[in-house]
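Below is one structure, written out as structure tokens; comments come after it.
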Amino acid sequence: MNAAIWGLIGTLVGAITSIATTWIASRNNIHLQIVVGNKLLESIGTVLRKHY
């Protein structure tokens, strides 16, 4: 294969890798936000139960 085809393959692999990495990071970030949000709500509930 010539250099142009290898360049195209490299570009496609790089683009796919970048998209996959962004998608995985975004999923993990959403999960982390949900976990932190739930913990915050639990803490607020605990404080309210103790004081009211």
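Numbers for residues simply follow the sequence, beginning at 1.
Nearest approach of T17 to V13, heavy atoms of both residues: OG1-O, 2.8 Å.
Between N28 and L32, the closest side-chain pair of non-hydrogen atoms is not below 4.5 Å. In this structure the side chain of K39 never reaches within 4.5 angstrom of the side chain of V36, judged on heavy atoms.
Atom CD1 of I16 and atom OG1 of T11 lie 11.0 Å apart (nearest 0.5 Å). Atom OG1 of T22 and atom CG of N29 lie 12.0 Å apart (nearest 0.5 Å).
The main-chain N or O of L41 is never found under 3.5 Å from a side-chain atom of N38 such that the two would form a donor-acceptor pair.
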